[in-house]
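Here is the structure we will look at, set down as structure tokens.
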Amino acid sequence: NDHTFWLGVNCADYFIEFRTFGYLISKEKRKIPEEKLTIIKYYPIIDGNPFEGFPIDISGKIVGFTGANLGKFELDSTLRFFWLIKKILEENKNFIFFIAGVGNDKFLKDFISNNKLEDRLIYLGYRKDFYEVMKRIDIFFEPYPFHSGLITQYACLTQKPMVVLEDEKLFNNSIEDFLGISGDKISLHTDSEFIEETNKLIQDEIYRRQKGQITYNPELNEKYFNKSLENFVKNKEKDYKLIPVKFSREKFLEYYLSLQIKSNNMNFIKLVVLHKNNNLIETIILIIENLLSNPKYLFKYIVQEIKRFFK
């Protein structure tokens, strides 16, 4: 991904980013000349996996859906997204919500059980048939606080309306940038905006259809990708328009680092140290401060490193 993993700056001829944020990082931080740099949206593969079905009958229901690595949701310790979904379910008795994903699902199952939502907020587990699922739901909800990528594109291709709650502290999390939308604004920032937009989508079929058309992008396919790549390599033509986004990779990484420590992801933390090698001491201090705020994990990390040393 464009915010944590960089290779090839001194050995590649061309660099292809998929959004403005990555483009700006490559240009301003990696110092890649703009003549080597372009943006081409990647496209989803329609693999033809057959529909696996739903665990309940959805006849007469409005179906909301989200999917991702569950760690994307767990990074928000308040579970803001799920409390909002609970409120939406309470206000709309014909609404049900499906979640697909992989990873640690204990927090999700506990939330469903503790709030007695087993019949309305349903965890589907791992699914291979995301495209078929998307064709059969009514509203797609972006994961929060970190957005999805491939699943979002499935929503675009099937013209599903999106509910997108953004955390402004992440700085690069612009759905408009990712989708290449320069006119219509679809991201939401407050709980009241989220509830109002979702209720309107549930209650108004025409509005749902209109919002689905806004995010549809017919260029998300192999033919357009290959054509854009050929134009860039052969003719130095760039088929994109930069969309203004907030850009502070340092603040993003600092915030992301604190979230990863909370989720015990030391592999990511080590990557951050490698990335910020120009400010190594500053980065180590930041890591120590976060570790000290989590004594249980600090002990776990020390034991882990001692075992590694004696192997």
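From a predicted model like this one, the values you see are computed outputs, not experimental measurements.
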Check for me, please, whether [X] and [Y] land in the same ILVMFWY cluster - side-chain distances under 4.5 Å, paths through other members count.
X	Y	result
Val233	Tyr224	no
Ile186	Tyr216	no
Phe73	Trp83	yes
Leu229	Leu220	no
Tyr131	Val133	yes

Would you check if the side chain of [X] reaches a backbone N or O of [Y] as a donor-acceptor pair within less than 3.5 Å?
X	Y	value
Lys27	Pro33	no
Glu197	Glu193	no
Asn235	Glu237	no
Asp105	Leu108	no
Asn92	Asn94	no
Thr38	Lys238	no
Arg208	Ile202	yes
Arg120	Phe95	yes
Asp204	Ile206	yes

For residues [X] and [Y], determine if any side-chain heavy atom of one lies less than 4.5 Å from a side-chain heavy atom of the other.
X	Y	answer
Asp110	Phe107	no
Leu121	Ile99	yes
Leu70	Asn104	no
Ile40	Phe18	no
Pro145	Lys72	no
Asp119	Ile56	no
Pro55	Leu124	yes

According to the interplanar angle, ranging from 0 to 90°, do the rings of [X] and [Y] count as parallel (below 30°), tilted (30 to 60°) or perpendicular (above 60°)?
X	Y	answer
Phe111	Phe82	tilted
Phe81	Phe141	perpendicular
Tyr14	Phe232	perpendicular

If I compare all heavy atoms of [X] with all of [Y], which pair ends up nearest, and what's the gap?
X	Y	value
Lys211	Pro161	CB-CB, 3.7 Å
Gly67	Phe130	CA-CE2, 4.4 Å
Ile88	Ile195	CD1-CA, 3.8 Å
Ala68	Ile151	N-CD1, 4.0 Å
Thr215	Cys156	O-SG, 3.4 Å
Leu165	Phe194	CB-CD1, 3.9 Å

Before accepting this row, confirm whether a basic side-chain N of the pair [X]/[Y] lies closer than 4.0 Å to the acidic partner's carboxylate O.
X	Y	value
Lys128	Glu52	no
Asp191	Arg80	yes
Lys86	Glu90	yes

Exercise for review: Verify the distance criterion only: is there a donor paired with an acceptor across the side chains of Tyr42 and Gln153 at less than 3.5 Å?
Suggested key: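 On atom types as modelled, these side chains do not qualify, holding no pair under 3.5 Å.
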Check your understanding: Just checking, is any N or O donor in the side chain of Tyr154 or Glu132 under 3.5 Å from an acceptor N or O on the other one?
Key -> no
Euclidean distance, [Y] [atom2] relative to [X] [atom1], rounded to 0.5 Å:
X	Y	atom1	atom2	answer
Asn199	Gln203	CG	CD	5.0 Å
Ile96	Leu117	CD1	CG	12.5 Å
Thr198	Phe97	OG1	CZ	9.0 Å
Asn115	Ile85	CG	CD1	12.5 Å
Gln159	Met134	CD	CE	13.0 Å
Ile32	Leu37	CD1	CG	6.0 Å

Review point. What do the steps show when you test Phe54 against Phe98 for ring pair (Phe, Tyr, Trp, His ring centres under 6.0 Å), and what is the final call?
Key: CA-CA 9 Å; Phe54 290 138; Phe98 290 141; 4.6 Å; yes
Practice item. Determine, step by step, whether Glu196 and Lys200 satisfy the salt bridge (Lys or Arg N to Asp or Glu O under 4.0 Å) criterion, reporting the C-alpha distance in whole Å, the side-chain angles of both residues, the deciding distance to 0.1 Å, and the verdict. Key: CA-CA 6 Å; Glu196 180 182 354; Lys200 188 171 183 179; over 6 Å; no
Exercise for review: Begin from the C-alpha positions of Thr152 and Glu142 and carry the test side chain to side chain donor-acceptor pair (under 3.5 Å) through to its verdict.
Suggested key: CA-CA 7 Å; Thr152 305; Glu142 271 288 346; 2.3 Å; yes
Check your understanding: Between Phe15 and Lys36, is there a cation-pi geometry (under 6.0 Å to ring centre, at most 45° from the normal)?
Key ->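 No, Lys36 and Phe15 do not form such a contact.
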Check your understanding: Taking the six-membered ring of Phe51 as reference, does the NZ or CZ atom of Arg136 fall below 6.0 Å from its centre and within a 45° cone about the axis?
Key -> yes
Counting heavy atoms not belonging to [X], are there more than 12 under 6.0 Å from its [atom1]?
X	atom1	value
Lys116	NZ	no
Glu205	CD	no
Lys109	NZ	no

